[in-house]
Amino acid sequence: MIRTRFAPSPTGKLHIGGARTALFNYLFAKSNGGKFLLRIEDTDIKRSSKENIDVILNGLNWLKLIPSEKEKYQSNETQQHIDIAYKLLKNGFAYKCYLSTEELNEMRNQSRKKGEVIKSPYRDNLVNIKNKDFVIRLKMPLKGQTTINDKVQGKVIIDNSILDDMVLLRKDNSPTYMLASVVDDYNMEITNIIRGDDHFNNAFRQIQIIKYMNWPIPTYAHIPLIHGEDGTKLSKRHGAENVMDYKKDGYEVEVLKNYLLRLGYSVNDDKIYDLENNTFNFKLDKINKSPSRFDLKKLSNMNALYLRTQPLNNLLNRIKTKFNLNEEILDRLDFLLPDLIQRYTYLNEIENDFLWLSNDFTNNVSDLNQENLNLVFEVLSILKSTEWNLIELKENIEKCLVENNLKMKDLGPILRIVLTGKTNTPDIFKVIFIIGRNECIKRLTKV
RNA sequence: GGCCCCUUCGUCUAGUGGUUUAGGACAUCGCCCUUUCACGGCGGCAACACGGGUUCGAAUCCCGUAGGGGUCACCA
């Protein structure tokens, strides 16, 4: 049984990159009849916050990336992590290191110059110093190579000599991410680790713990990072550091997920796939290896196209629940929504049309010239006498135009601005028809 | 700097040795449609990073170079 996990750290929000990692984990698990799990990596107590945990949970919830089991909190497993660290120590795979921060900094300076990894003198010189703080470090193999057959990156081999003796347990006895993550993955029986490419180097180090403990080695898939439009790593500068901001900005969740999927994944058409009901067959080998740039324009375009494919009833219901609208606006919306939706990129743009759809609307047009005023009067008299249906309305007004030797473009824009206050609306005849005789007369008389 | 990864139009990508004058989508530009704004239709511009090989033949395989990214914490 395939088991994947998304393991965010609540030291920050759920950003777009994290959302994609979660999506890939979810899709891979679901495509293989497996389980998708969530683990909050809150070992950094100082930087983790309840607020961020909620943001992550809410974000995943909005994305409908619901874990198969209740989420785990890494901080609840601390004792286990400590036990493993001491077990490694006891078995000679780890050692106590008494190096101070200053000593370490100095060593790091030197090693950087030489291009070598730092080696603690306590590695081969096992001592127990009373009343002095220590960390527990893993003893990396000095020779040989480590190979990872990554499902995205391919087969990668590194020399073990570049591995540093990473810290397992801090001076204050708290486990590091390097240890905790491995132990938790083992306990949660994670079979496939799908995470950002920025973790690739960690895999070679973490795998040593797994080997020392004789645990099964999970299958890795390190997915490329998403870059901003300028080609650099995505950060706060690029806006929207929280996926929920995309919701606020009016992006449809299905669209966002499909866009995220397409970013670095080969899909041969422009369909918006149903990513919820296990109908999408997600394959790791379709993930590209190179990072891709986040393109808001493409996202927006997908959003607009998607909106137009949505059943009008669904859209109308969403509008009804989101906004408190009276019957009169609702009726008009019911009639005009098919026309309006063609013009929107985001559903929430509809807010801009509520005003003129309502009887509360009054125009403030006052600068019409005499010619146009006369035109408006003519239309007024037509509206007063015509039978109230779309066809009659249109015929009578067009007849009037012919009599005056005018074209629709001479009248359309004027009526539009007077009746709606806007320069762009659906077909003006439809607008007149649905707004109604009395209301139209009222608005036109105002001029 | 060491190690690792990547490199097809501005962007996301198709392409796995001949079917390719390198295809699509977004963006952009032009035209058509037109009562406005859109939609839609038609068309244009635009890419195999560079240099060597291998081969009858290379975007596709190999080697360099350049550029980009990641990582090198008692953060995750």
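Predicted, not measured: the structure shown is a model, and the values here were computed from it. Quick note on labels: first sequence line is chain A, next is B, and so on, each numbered from 1.
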S.K.: Rounded to the Å, how far apart are A:K114 NZ and B:rG2 P?
M.R.: 16 Å

S.K.: Select base, sugar-phosphate, or nothing to describe what A:D172 touches, counting heavy atoms under 4.0 Å on all strands.
M.R.: nothing

S.K.: Determine, using ring centers only, whether A:F433 and A:F335 are less than 6.0 Å apart.
M.R.: yes

S.K.: Side chain of A:I162 only, please: which of B:rC3, B:rG70, B:rA76 is the nearest?
M.R.: B:rC3

S.K.: Side-chain polar contacts of residues 124-134 of chain A - donor-acceptor pairs under 3.5 angstrom, sequence neighbours left out - could you list them?
M.R.:
residue	atom	partner	partner atom	Å
A:N128	OD1	A:K96	NZ	2.8

S.K.: Could you state the atom-to-atom distance from CD of A:Q110 to P of B:rC72 in whole Å?
M.R.: 20 Å

S.K.: With a 6.0 Å cut-off (strictly less than), is the heavy-atom count around NZ of A:K119, excluding the residue itself, greater than 12?
M.R.: yes

S.K.: If you measure from the P atom in B:rG53 to the same atom in B:rC45, how many Å do you get, rounded?
M.R.: 33 Å

S.K.: Does either side chain, that of A:N187 or that of A:E77, offer a donor lying less than 3.5 Å from an acceptor on the other one?
M.R.: no

S.K.: Using a 4.0 Å cut-off on heavy atoms, which residues in residues 302-315 of chain A reach RNA chain B? List them by number, or say none.
M.R.: A:R308

S.K.: Evaluate side-chain hydrogen bond (donor to acceptor under 3.5 Å, both in side chains) for A:T21 paired with A:R195, printing each intermediate quantity in order.
M.R.: CA-CA 6 Å; A:T21 303; A:R195 68 208 331 183; over 6 Å; no

S.K.: Over how many whole Å does the gap from A:R205 atom CZ to B:rC3 atom P extend?
M.R.: 17 Å

S.K.: Which parts of residues 333-351 of chain A get close to RNA chain B, meaning a heavy atom less than 4.0 angstrom away?
M.R.: A:Q342, A:R343

S.K.: Hey, do the aromatic rings of A:Y346 and A:Y251 have their centres closer than 6.0 Å?
M.R.: yes

S.K.: Checking contacts here: which listed nucleotide (B:rC26, B:rU36, B:rA25) is nearest the side-chain heavy atoms of A:T423?
M.R.: B:rU36

S.K.: For B:rU20, give its Watson-Crick or G-U wobble partner with both distances under 3.5 Å, or none.
M.R.: none

S.K.: P atom, B:rG51 versus B:rA66: distance in rounded Å?
M.R.: 15 Å

S.K.: Looking only at side-chain atoms of A:N424, point me to the closest of B:rC37, B:rA76, B:rC26.
M.R.: B:rC37

S.K.: Are A:D42 and A:S75 close enough that a side-chain donor and a side-chain acceptor fall under 3.5 Å?
M.R.: yes

S.K.: Are OP1 or OP2 of B:rG2 and a side-chain N or O of A:R112 less than 4.0 angstrom apart?
M.R.: no

S.K.: Please evaluate the base of B:rA76 for a donor-acceptor partner in the side chain of A:D198 within a cut-off of under 3.5 Å?
M.R.: no

S.K.: Looking at B:rC26, I'd like to know if its phosphate oxygens (OP1 or OP2) sit under 4.0 Å from a side-chain N or O belonging to A:S300.
M.R.: no

S.K.: Base, sugar-phosphate, or nothing for A:S181, non-hydrogen atoms under 4.0 angstrom?
M.R.: nothing

S.K.: Please give the nucleotide sitting opposite B:rA66 as a Watson-Crick or G-U wobble pair, both distances under 3.5 Å, or none.
M.R.: B:rU7

S.K.: Under 4.0 Å between a side-chain nitrogen and a carboxylate oxygen: does that hold for A:K407 and A:E398?
M.R.: no

S.K.: Describe the nucleic acid contact of A:K297 in one word from base, sugar-phosphate, nothing, applying a heavy-atom distance below 4.0 Å.
M.R.: sugar-phosphate

S.K.: Sort out the partner of B:rC42 for me: Watson-Crick or G-U wobble, both distances under 3.5 Å, none otherwise.
M.R.: B:rG30

S.K.: Say whether A:D197 and A:H222, considering side chains only, have a donor N or O and an acceptor N or O under 3.5 Å apart.
M.R.: no

S.K.: Taking any heavy-atom pair under 4.0 Å as a contact, classify A:V167: base, sugar-phosphate, or nothing.
M.R.: sugar-phosphate

S.K.: What verdict does the ring-ring contact (aromatic ring centres under 6.0 Å, His included) test give for A:F6 and A:Y26, after you've listed the backbone C-alpha separation in whole Å, the side-chain angles of each residue and the deciding distance to 0.1 Å?
M.R.: CA-CA 8 Å; A:F6 175 52; A:Y26 175 90; over 10 Å; no

S.K.: Taking the six-membered ring for Trp and the full ring for Phe, Tyr or His, determine whether the centres of A:Y95 and A:Y122 are under 6.0 Å apart.
M.R.: no

S.K.: Would you please confirm or rule out a distance under 4.0 Å between OP1 or OP2 of B:rA76 and any side-chain N or O of A:R47?
M.R.: no

S.K.: Please check if the distance between the ring centroids of A:H199 and A:F204 is under 6.0 Å.
M.R.: no

S.K.: May I have the distance from A:L104 (atom CG) to B:rC74 (atom C1'), rounded to whole angstrom?
M.R.: 8 Å

S.K.: Taking A:A7's backbone N and O only, do any of them form a donor-acceptor pair with A:R39's side chain (distance below 3.5 Å, no angle check)?
M.R.: no

S.K.: How far does the P atom of B:rU8 sit from the matching atom of B:rA14, given to the nearest Å?
M.R.: 10 Å

S.K.: B:rU28 and B:rC62: how far apart are their P atoms, nearest whole angstrom?
M.R.: 39 Å

S.K.: Which whole-number value in Å describes the distance from A:I432 CD1 to B:rU36 P?
M.R.: 15 Å

S.K.: Determine whether a donor-acceptor pair (N or O, by modelled atom type, separation under 3.5 Å) exists between the side chain of A:E71 and the backbone of A:P67.
M.R.: no

S.K.: Give the rounded distance in Å between these two atoms: CG of A:L415 and P of B:rU35.
M.R.: 13 Å

S.K.: Taking only the C1' atom of each, what is the distance from B:rA46 to B:rG30 in whole angstrom?
M.R.: 15 Å

S.K.: Identify every side-chain donor-acceptor pair in residues 285-299 of chain A under 3.5 Å, counting partners at least two apart or on other chains, and give the distances.
M.R.:
residue	atom	partner	partner atom	Å
A:K289	NZ	A:Q153	O	3.1
A:R293	NH1	A:E229	O	3.3
A:D295	OD1	A:K297	N	3.1

S.K.: Can you tell me how far C1' in B:rC48 sits from the matching atom in B:rC61, rounded to whole Å?
M.R.: 15 Å

S.K.: Using the side-chain heavy atoms of A:H227, tell me which of these nucleotides is nearest: B:rA76, B:rG69, B:rU11.
M.R.: B:rG69

S.K.: Hey, are A:N52 and A:S49 close enough side-chain-wise for a donor-acceptor pair under 3.5 Å?
M.R.: yes

S.K.: Just checking A:I428: base, sugar-phosphate only, or nothing, at a heavy-atom cut-off of under 4.0 Å?
M.R.: base

S.K.: Please classify B:rC50 as syn or anti, treating any glycosidic angle within 90° of 0 as syn.
M.R.: anti

S.K.: Of the options B:rC4, B:rA25, B:rU35, whose atoms approach the side-chain atoms of A:K298 most closely?
M.R.: B:rA25

S.K.: Hey, can you pull the residues of residues 280-294 of chain A with a non-hydrogen atom under 4.0 angstrom from RNA chain B?
M.R.: A:N288, A:K289, A:S290, A:S292, A:R293

S.K.: Give none if B:rU71 has no partner; otherwise give the nucleotide forming a Watson-Crick or G-U wobble pair with it, both distances under 3.5 Å.
M.R.: B:rG2

S.K.: Which value, in whole Å, describes the distance between the C1' atoms of nucleotides B:rU60 and B:rU54?
M.R.: 13 Å

S.K.: Does any residue of residues 401-409 of chain A have a heavy atom under 4.0 Å from RNA chain B, and if so, which ones, in number order?
M.R.: A:M408, A:K409

S.K.: How many Å lie between CG on A:D197 and C1' on B:rG68, as a whole number?
M.R.: 13 Å

S.K.: Among the nucleotides B:rA76, B:rU11, B:rC3, which one has an atom lying closest to any side-chain atom of A:D295?
M.R.: B:rU11

S.K.: Please report the distance separating the C1' of B:rC9 from the corresponding atom of B:rC26, rounded so that it comes out in whole Å.
M.R.: 12 Å

S.K.: Using the six-membered ring of A:Y306, assess whether NZ or CZ of A:R308 lies under 6.0 Å from its centre and within 45 degrees of the ring axis.
M.R.: no

S.K.: If I take atom CE in residue A:M178 and atom C1' in nucleotide B:rA76, what distance separates them, rounded to the nearest angstrom?
M.R.: 9 Å

S.K.: Between A:N303 and A:G250, which heavy-atom pair has the shortest distance, and what is it?
M.R.: ND2-O, 3.3 Å

